[in-house]
Structure formats: structure tokens, C-alpha cells
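All remarks here apply to the structure that follows.
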Number of protein chains: 2
Amino acid sequence: MGRTSDTRENLINSAIELIGTRSYNAVGVQELCEHAGVKKGSFYHFFPSKRDLTLEALDLIWRKFKEETLDPVFDSNVSTLDKFEMLLRLSYEHQSDMKDCTGRMTGCGFGNLALELSTQDEEIRKKIEIIFCEWTKYMEIVIVQAVKEGVLPPETDPAATSQAMVAYIEGMTLLGKTFNDPCMLKRLGEGVLQLCISRKDTAEAHSAG
Amino acid sequence: MGRTSDTRENLINSAIELIGTRSYNAVGVQELCEHAGVKKGSFYHFFPSKRDLTLEALDLIWRKFKEETLDPVFDSNVSTLDKFEMLLRLSYEHQSDMKDCTGRMTGCGFGNLALELSTQDEEIRKKIEIIFCEWTKYMEIVIVQAVKEGVLPPETDPAATSQAMVAYIEGMTLLGKTFNDPCMLKRLGEGVLQLCISRKDTAEAHSAG
DNA sequence: GTATAATTTTACCAACTGGTCAACTAAAGG
DNA sequence: CCTTTAGTTGACCAGTTGGTAAAATTATAC
């Protein structure tokens, strides 16, 4: 009953595009509305505030990231460790496309908002914390699998290792955005697997060298 | 000749404190002035724009970071690889202090501004790019030294490795800020050294395990 | 075909944005 | 002591900020 519209979705997509390529505070409600072809009154009909729109936008990009990247990678039947390479390749391609069509490497939507808003908006901070946790779990499953297969040594700490990998990927992306150069992701990406080997191996490698 | 004042320095320090704990766009010229105990007219007597203030603030925190952290670490006479541990310890302590006194882990001033402004302000982006390059050079020197001492294998690629370490440190810090938990730096910090060992070692460790 | 519920529009708000300018004041140098 | 130079002040600007409220419009289910 009553009428329907896609104003809500339009606004969320505008938020993803505009806030994603600039920043939360650099984009106003007005611009969001203009981009979505909507009047400000409609905005506040659907969202109590810009913050709430952003929260929903975060939900959507996380869902999309899972559907378009994480799931395809982890459901694919390449060898366990190759999954990390595949994830990195997809990330590179995405950032590369971004640069081709906007002139800018936009980086990671989660990392971007995390650094801008973590100290100012507890709800947004918490949501991104949860997203990073879920992402880490994805990685952890692969690592556990790799240990089971004997590809990684049994002393491997899957929780610590997967978190280190998420950290490294975010750091790579931060540097890539700063240099506005997706190639950075290619170069740095080659280092991820090193985070997999346990500390014991590290010590061995050192004494062996 | 003419009179002197510390208004300029006050404004730069206010920028470091306010923008450092919140974000560039979340802090206005007005608030900057109030915090520095200065009228807006004075602001524009010293700085053509808020952007220019920020550029100078970046210069200062980079200089301070070198003087208070990088130089002490790299001039100290601990073993080469222990220098990385020392750097991480100092970073942890700094973020821990921040959390104790503001309730928030503020993260890295360079990373914060890089993600917020890289797509919007080319001059600020470029400045942070240069800072990251210089920081990487610092790390590279230690790695070259470690290779010379035989602590790291001769196949080590110092440029790639040092850049990977900077990326990893930025990623750690991003995650730490997101979780608002300095302990994250302690846990993740233990993984840095793994980025030192060359790809060849990684392969060996895998086949050995 | 009309009642009803959902959506859209318009006009509005006070507070604040980054930035300007001319008048004013204080100190250092000669 | 008085000129010069540097620093300070407050009033002002146009545009924008996030957000509100009520009237007007539309589609749908009955």
C-alpha cells in the first residue's frame, strides 16, 4: 500500500560513490541529493541523518565486497594459498578501474571511513570494527585449511596471521592511495605470503642465511 | 623590526592537536583560532588558507617524528633488527598515551590525512607521498645494514622490504585505530620481521614445513 | 473510484563555512 | 621619540551546513 520508489537505493548508491571517492565530511546532504536526483526533504524522509545513510552504505559495500570478491575467491577451487593471490589480484583490478575512470585510486571504503571517523563517531567505528573482524575470519578459514593440508606449518597461529594479513592489505591500499598508483598494490602484494610463515620459520631462515 | 608573537606556532600546534585527533574537515578555522586563542583575522595574517596551515603542520609532525622516534631508534646501538622492535615499541607507547589522555587511539597523522585528502588535495597528497618515501629510506638503510651483517640473506630486496614494512605499520595502525585498542599494535607488531625474509626463504620454509 | 498510506515538494531554519578587509595597536630600530 | 614594520582586531561576506515541517502529490489495494 502507498507508493513505492527507488529513492532510498539511489541515495545509498550516491553515498557510496561520492563519499567513497572523496570523504564523509567533504560530501554534504545537498550534494548527495543532487547526485541522486532527489529533494532534501526526501532524504530525511528515508534517513534520519547523513550518518545513518553512511551506516547503510557501509552495509551495502560490505555485502558487495563479500559477494563480488570474498565469496568468489574462497569458493574457487584454486590451491589454498593461491586464494590470497587471487584476492589481491581482484583488489588491484578494482583500484585500477577506479583510477582509470576517476583519475584517482580511491582505496578501501572501510579504511577510509575508519581513519576519518573512528575518533568521532562510535557507531560507525564499531561497524567497521565488525566488518574487519568478519573479513579476518574469512582469511582465517583459508589459513586453517592450509595448515590442515600441510602447506603451512602446524605452529601457524591462524588468528594472528589472518589479522596481520588484513592489516597488511589495508596498509598496502593506504600507500597505494597516497601514491595514487595501483601498481603499488602489485609490488607490495608479493609480500603478503611472508606473513603466513610462523615465527619459528622466521628464526630458522635467519640462522640459515 | 616590528613586533613578534607565537601566534603562528600556536596555530600550527592547534592544527596538529585538533586535526590529529579528529580530521581535516571536522575542524574549522574558527575552532582552530579559538583553541589557539587567536582571532580569525590573525589566522589569515599568517596563513593564506587552512590548507596551507595543514601543510605546515605536516612538516612539523614529520620533523618531530624524525627527531623523537626515527633518529633515536636508528642512532641507537641495539642490533639492527632490534631497531624495528624499538620503533614499534615507541609507536605503541605513543598511541597508548594518546588513548590514556584523549580516550582514543588517534593513529598516524600521515595515514589519517592521506586517506581523507589524497583524492581531493594534490598538494597534501604529494607531501605525504614524500614523507612516506623518506620514512621508507630510513628503514631501507637498516635493512641494507642487516644484509651486510649477514643477519638478513643477501637476496633481500631492501627497497621492496622497507616499503612493505611501512605499509604493514600503517595497516597495523589503521586497525588499531579502528578497534581503538593500542594492544593491537603489540600483537600485530610481532609480525613485522616476517616481512624481512626474502621470497626465496619463504618458499624454502613452505617446502620444509 | 476512492480511501489510504507512502513519497515528494517547497519553503524554511539557525548555525556555521572559509575567507576578506580596513582600521587599530604594539614593539623594535634607528 | 618617532617611524616603520609586524601583529591584532572585529565587522563583514556570500555560500553552505545538517536538519525541519507541512502541504501537495502519487500509487496502490480494496
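Quick caveat, the model's predicted, so the values are computed rather than measured. Chain A is the first sequence line, chain B the second, and so forth, proteins listed ahead of strands; every chain is numbered from 1.
For the residue pair Thr173(B)/Gln95(B), the side-chain donor-acceptor check at 3.5 Å is not satisfied.
Taking 4.0 angstrom as the limit, Thr7(A) places a side-chain polar atom (N or O) nearer than this to OP1 or OP2 of dT8(C). Here Ser5(A) reaches the OP1 or OP2 of dT8(C): one of its side-chain N or O atoms lies under 4.0 Å away.
A straight line from CD of Gln30(B) to C1' of dA14(C) spans 14 Å, rounded to a whole angstrom. Whole-Å rounding puts the Leu53(B) CG to dG18(C) C1' distance at 13 Å. Atom P of nucleotide dG15(D) and atom CD of Glu34(A) are separated by 15 Å, given to the nearest angstrom. For the pair Asp6(B) CG and dA27(C) C1', the computed distance is 15 Å after rounding to whole Å. For the pair Asn25(B) CG and dG18(D) P, the interatomic distance rounds to 11 Å; values are reported in whole Å. For Lys39(B) and dC12(D), the NZ to C1' distance is 16 Å, given to the nearest whole Å. When the C1' atom of dT17(C) is taken as reference, atom OH of Tyr24(B) falls 12 Å away, rounded to whole Å. One interatomic measurement links the two molecules: CG of Leu11(B) to C1' of dG7(D), which rounds to 12 Å at whole-angstrom precision.
Pairs engaging residues 100-120 of chain A under the salt bridge (Lys or Arg N to Asp or Glu O under 4.0 Å) rule: Arg104(A)-Glu122(B) [sequence neighbours left out].
Salt bridge Glu129(A)/Lys126(A): present, at least one basic N to carboxylate O contact under 4.0 Å.
Interface residues of residues 40-48 of chain A facing DNA chain C, ordered by number: Gly41(A), Ser42(A), His45(A), Phe46(A); criterion, heavy-atom separation under 4.0 Å.
Of the possible donor and acceptor atoms, none in the side chain of Ser118(A) sits under 3.5 Å from a partner among the backbone N and O of Leu115(A). For Lys50(B) (side chain) and Tyr24(B) (main-chain N/O), a donor-acceptor pair under 3.5 Å exists by modelled atom type.
Under the 30°/60° scheme for interplanar angles, the aromatic rings of Phe74(B) and Phe84(B) are found to stand perpendicular.
Nucleic acid contact class of Lys50(B) (heavy atoms, under 4.0 Å, all strands): sugar-phosphate only.
Between Ala15(A) and Leu53(A), the shortest heavy-atom distance links the atoms CB-CD1, 3.6 Å.
Mapping Val38(B) and Val27(A) onto DNA chain D by nearest heavy atom places Val38(B) at the nucleotide closer to the 5' end.
Contact annotation: side chain of Arg3(B) to base of dT8(D), donor-acceptor pair absent below 3.5 Å.
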